[in-house]
Structure formats: structure tokens, C-alpha cells
Amino acid sequence: MITQFIISMIATISFAILYDAPKKHLFYCGLTGGVGWVIYYMMAKLHFNMIFYAFASAFALTLISRILAIVREAPVTMFLIPGIFPIVPGAGIYYTSYYFFINDLHRSILYGEDTVKIAFSIAFGIIMAMAIPQFLFAYLKLLKR
């Protein structure tokens, strides 16, 4: 589990560097990615539904990103976009297109269906966490002072 966390942190930090995130925020970008991946991975290992663990990890990532945005005085997207990188269904997208191009439409549709489910779950997790009113997070700013 620790290895999974560290590798996802490194991947997230690499992604943040690629998109020119400020150096002072790199560790926190990696932290969001690591925590999001651990939630995703643990729920998958506990045999939760893939829709639920994608939703839960995206929801948690967005909450962490909103908290870090207030504490670190940076935009939410500074932490959310790199942090979401480990849970994006990249392999599903690859296999969907691979099987499509080799004309195995049955497998392409199976992978595509799962990929779309995960992508929509991630999107809804972000939407639900962003729907929480900002004044609840503003309390953290008062505690910071």
C-alpha cells in the first residue's frame, strides 16, 4: 500500500511538473494524487462496485483539493487536475480503441462501457464535491489565521 501511494505521488508530481505547477505546491499535488489512488485502490481490492470507488475517490480528491486551495491560497484546479491523473481510466481508453481498430467490436464495447462508467463516476464525484457551499470551507481560512 505504501508503494502504491509513493508511486502515485511521483506520477502526480510528474504530471504537475509537466503542466508547470509552482514548485511550492508540488508536494501537495502529489499528496492529492496519492490519497485519491489509495482510496480507489483499497475500494477496488475490497470488491466495491467500480462506479462507487471511482465516485468516492473523485469526491475525496475534490474535497482535499478544495481544502488545500484554501490553506495554500491557490486555485482548486492546481491540486485537482494533477491529483485526478492516477484514477483516470487510461488503460480502458487504450483497450477500447485497440480492440476497435483490430475490429473486435465485442471487446471494444465491453471496455468502452466500463471506461465510460468510470469517467462519468469521476465527473459526478467532482460535481458533488464542488456543490458543497464555499462558506463551509471558508471556516478553514479563519482557522489558518
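Numbering of residues begins at 1 and proceeds along the displayed sequence.
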More than 12 heavy atoms of other groups within 6.0 Å of [X] [atom1]:
X	atom1	answer
Met42	CE	no
Ile2	CD1	no
Phe100	CZ	no

[Y] backbone acceptor or donor facing [X] side chain under 3.5 Å:
X	Y	answer
Arg72	Phe79	no
Arg107	Tyr95	no
Thr62	Ala58	yes

What is the minimum heavy-atom distance between [X] and [Y], and which atoms define it?
X	Y	answer
Ala129	Arg66	O-NH1, 2.8 Å
Asn49	Ile51	OD1-N, 3.0 Å
Met78	Ala21	SD-CB, 3.8 Å

Joint cluster assignment, [X] & [Y], ILVMFWY side-chain distance < 4.5 Å:
X	Y	answer
Ile109	Phe101	no
Leu110	Met50	no
Val38	Phe27	yes
Met128	Met130	no
Ile102	Ile93	no

Measure the spacing between [atom1] of [X] and [atom2] of [Y] and express it to the nearest 0.5 Å.
X	Y	atom1	atom2	value
Tyr41	Ser57	OH	OG	14.5 Å
Lys24	Leu26	NZ	CG	11.5 Å
Asp104	Tyr111	CG	OH	10.0 Å
Phe59	Ile64	CZ	CD1	11.0 Å
Glu73	His25	CD	NE2	9.0 Å

Is any side-chain heavy atom of [Y] closer than 4.5 Å to one of [X]?
X	Y	value
Ile122	Pro89	yes
Thr96	Val116	no
Thr32	Tyr28	no

Name the atoms and distances for all side-chain donor-acceptor pairs under 3.5 Å in residues 3-16, with sequence neighbours left out.
unit_1, atom_1, unit_2, atom_2, d
Gln4, OE1, Trp37, NE1, 2.6
Ser8, OG, Gln4, O, 3.1
Ser8, OG, Phe5, O, 2.9
Thr12, OG1, Ser8, O, 2.7
Ser14, OG, Ile10, O, 2.8

Give the intermediate values and the outcome of side chain to side chain contact (heavy atoms under 4.5 Å, CB included) for residues Tyr40 and Ile118. CA-CA 11 Å; Tyr40 188 90; Ile118 292 171; 4.0 Å; yes
Taking only residues two or more places apart in sequence or in another chain, which ones pass salt bridge (Lys or Arg N to Asp or Glu O under 4.0 Å) with Asp114? none
Quick one: which residue pairs count as a ring pair (Phe, Tyr, Trp, His ring centres under 6.0 Å) with a foot in residues 114-133, not counting sequence neighbours? none
So which of Val35, Ile126, Ile39, Ile87 actually passes side-chain contact (heavy atoms from CB on, under 4.5 Å) with Leu61? Ile87
